[in-house]
Amino acid sequence: MAFLKLYKQKLQENYIFLDTIFRERNIQWGVVTKLLCGNTIYLKEIIALGVTEMHDSRISNLKKIKKLNPSIQTVYIKPPSKRNIESIVKFADVSFNTEIYTIQMISEEAKKQNKVHGIIIMIEMGDLREGVLGEELLSFYEQVFSLPHIEIRGIGTNLNCLSGVMPTQDKLIQLSLYKQLIEAKFNVTIPWVSGGTSVAVPLMLKNARPMAVNHFRIGEALFFGKDLFTNETITGLHNDVFMLYAEIIEITEKANNPIGELGENVAGNTYEMDENVDLSETSLRAILDFGLLDMQPQYLSPIDETIAIIDSSSDMTVIDITSSTKNYKVGDVVAFKLQYMGALYLLNSDYIEKIVE
């Protein structure tokens, strides 16, 4: 058995910390829930925090959020696909957009549903994922700002999502200048300048955020408290809101190296034997009740730092407990901290129980 636990009190404390610093700076923000993979138990915990805005990249998850609380503003955080337009207008109040053709379809669908759909125009600023090119922004805006049943809520950008380009004060100033250009050219007001995700939080804490940047989408900082510039935990936040617990199903003293002719394992890897290794050496190994179907082991950190993760097969993970001072027995549970991608794998696995404490 293996289970993922969300610590409710730590989540609440992280939320209060972030909400306070955003309010003090007059910044609106929403919680990015794509990590939760639509898990109703955990979505309810987010809603219970008092969240008024939730962001996700899956329509099915937004549908669940609307069912749980129709008053929450839902935001679809990637450019809509043509075949999903009807559902996006139905379940998302706002969507990120980069294509005129798509926005025209949204306009037509919003008319059918008797709605006004909000859009954020995403701008390419170097990370090379989604975004309108800066030199084309004014032309783009001119073609969409008068479309019926469309309200342009703001402009935004995504950084550190594909190529690893980090948000800097200069990048956010550039984003602010795009807002000024649009407002001066068209005599309009752009409500939101969405300056990014958790990766931009350290800039805000250092007061290096341009004042025009007034909207953030936060996931990783809320759930893991991580400063993505330093990979350290932001002071005042918890890094263990989520924990994985896995049961030991075997403990045996075994050879350190495999015995026999070697080929590829289930993951397509081949074990490389060190010619200088003593083949008589052994270690105390424990098998845990989860595997590659649930998790990639590189995203795990054992709470017992004397444990070494050896490898995983499809549904079992082997650890070395030789150096541990704990007297582990079959049936004991081993605890792990998680990186973001680790929690994402686990939340997407139907084989891992999800609980709240």
Side-chain angles (χ1 to χ4, degrees), residues 10-35 46 49-57 73 75 77 94 96 118 120-127 129-131 134 153-183 189-241 339-340:
K10 292 178 180 180
L11 175 67
Q12 291 173 339
E13 290 173 3
N14 279 7
Y15 177 79
I16 291 169
F17 177 91
L18 290 166
D19 192 52
T20 300
I21 63 174
F22 283 127
R23 287 180 184 274
E24 288 174 349
R25 293 161 175 81
N26 198 30
I27 295 173
Q28 291 182 263
W29 71 294
V31 173
V32 179
T33 56
K34 61 183 180 181
L35 171 75
I46 299 300
L49 296 172
V51 171
T52 58
E53 181 183 322
M54 295 170 75
H55 298 228
D56 212 296
S57 57
Q73 179 170 246
V75 184
I77 54 173
V94 183
F96 289 5
I120 295 179
I121 300 172
M122 299 301 287
I123 304 170
E124 170 57 57
M125 297 189 67
D127 201 49
R129 205 177 70 172
E130 84 278 20
R153 294 284 186 89
I155 58 174
T157 192
N158 264 318
L159 295 166
N160 193 237
C161 290
L162 181 66
S163 304
V165 174
M166 302 298 283
T168 61
Q169 188 175 34
D170 287 345
K171 289 281 187 186
L172 296 183
I173 289 172
Q174 184 181 353
L175 184 63
S176 302
L177 290 175
Y178 286 133
K179 165 190 163 72
Q180 294 177 25
L181 282 172
I182 292 173
E183 291 183 335
T189 298
I190 299 293
W192 286 356
V193 177
S194 195
T197 57
S198 295
V199 70
V201 169
L203 289 177
M204 184 190 62
L205 293 173
K206 295 175 183 176
N207 295 316
R209 165 197 64 100
M211 294 300 291
V213 176
N214 62 357
H215 184 265
F216 279 72
R217 299 101 57 188
I218 302 298
E220 191 160 1
L222 175 64
F223 297 118
F224 300 95
K226 192 173 183 180
D227 181 331
L228 293 171
F229 279 87
T230 65
N231 287 324
E232 301 294 327
T233 302
I234 296 170
T235 301
L237 292 176
H238 299 285
N239 62 9
D240 55 353
V241 170
Q339 296 180 35
Y340 181 93

How long is the span from the [atom1] atom in [X] to the [atom2] atom in [Y], to the nearest 0.5 Å?
X: M204; Y: L172; atom1: CE; atom2: CG; result: 11.5 Å
X: T189; Y: K179; atom1: OG1; atom2: NZ; result: 6.5 Å
X: L11; Y: L49; atom1: CG; atom2: CG; result: 4.5 Å
X: M166; Y: K171; atom1: CE; atom2: NZ; result: 12.0 Å
X: I173; Y: Q180; atom1: CD1; atom2: CD; result: 10.5 Å
X: S176; Y: I155; atom1: OG; atom2: CD1; result: 7.5 Å

Next on the checklist: With side-chain contact (heavy atoms from CB on, under 4.5 Å) as the criterion, how do Q73 and V94 come out once you've worked through the C-alpha distance, each side chain's angles and the decisive distance to 0.1 Å?
Outcome noted: CA-CA 8 Å; Q73 179 170 246; V94 183; 3.9 Å; yes
Do [X] and [Y] come within less than 4.5 Å of each other through their side chains, counting heavy atoms only?
X: Y15; Y: K10; result: no
X: K226; Y: N239; result: no
X: E53; Y: V75; result: yes
X: R209; Y: M211; result: yes
X: E220; Y: V201; result: no
X: S194; Y: W29; result: no

Minimum heavy-atom separation for [X] and [Y], please, with both atom names.
X: G156; Y: I120; result: N-CG2, 3.7 Å
X: L222; Y: N14; result: O-ND2, 2.8 Å
X: Q169; Y: P210; result: O-CG, 4.2 Å
X: V193; Y: A212; result: CB-O, 3.3 Å
X: G195; Y: V213; result: CA-CG1, 3.5 Å
X: M125; Y: L159; result: O-CD2, 3.8 Å

Next on the checklist: Once you measure the plane-to-plane angle for F216 and F22, does it fall in the parallel (<30°), tilted (30-60°) or perpendicular (>60°) bin?
Outcome noted: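 Judged by the thresholds at 30° and 60°, the geometry between F216 and F22 is tilted.
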Check whether any side-chain N or O of [X] sits under 3.5 Å from a backbone N or O of [Y] as a donor-acceptor pair, and report yes or no.
X: D127; Y: C161; result: yes
X: T157; Y: I123; result: yes
X: T33; Y: H55; result: yes

Next on the checklist: Checking N214 against Q28 for the side chain to side chain donor-acceptor pair (under 3.5 Å) test, could you report, in this order, the C-alpha distance in whole Å, the side-chain angles of both residues, the deciding distance, and whether it holds?
Outcome noted: CA-CA 6 Å; N214 62 357; Q28 291 182 263; 5.5 Å; no
Next on the checklist: So if I apply the side-chain contact (heavy atoms from CB on, under 4.5 Å) rule between S198 and each of L18, I234, I218, which one comes out positive?
Outcome noted: I218
Next on the checklist: Run the side-chain contact (heavy atoms from CB on, under 4.5 Å) test on F224 and L237 for me, step by step, so that the C-alpha distance in whole Å, both residues' side-chain angles and the decisive distance to 0.1 Å come before the verdict.
Outcome noted: CA-CA 8 Å; F224 300 95; L237 292 176; over 6 Å; no
Next on the checklist: Quick one, Q12 with H238, criterion side chain to side chain donor-acceptor pair (under 3.5 Å). Give me CA distance, side-chain angles, the key distance, then yes/no.
Outcome noted: CA-CA 10 Å; Q12 291 173 339; H238 299 285; over 6 Å; no
Checklist entry - Which is it for M54 and K34 under the side-chain contact (heavy atoms from CB on, under 4.5 Å) test, yes or no, and what are the steps along the way? => result CA-CA 9 Å; M54 295 170 75; K34 61 183 180 181; over 6 Å; no
Next on the checklist: Can you confirm whether more than 12 heavy atoms, excluding those of N231, are under 6.0 Å from its CG atom?
Outcome noted: yes
Checklist entry - Could you go step by step and tell me if V32 and D56 meet the side-chain contact (heavy atoms from CB on, under 4.5 Å) rule? => result CA-CA 6 Å; V32 179; D56 212 296; over 6 Å; no
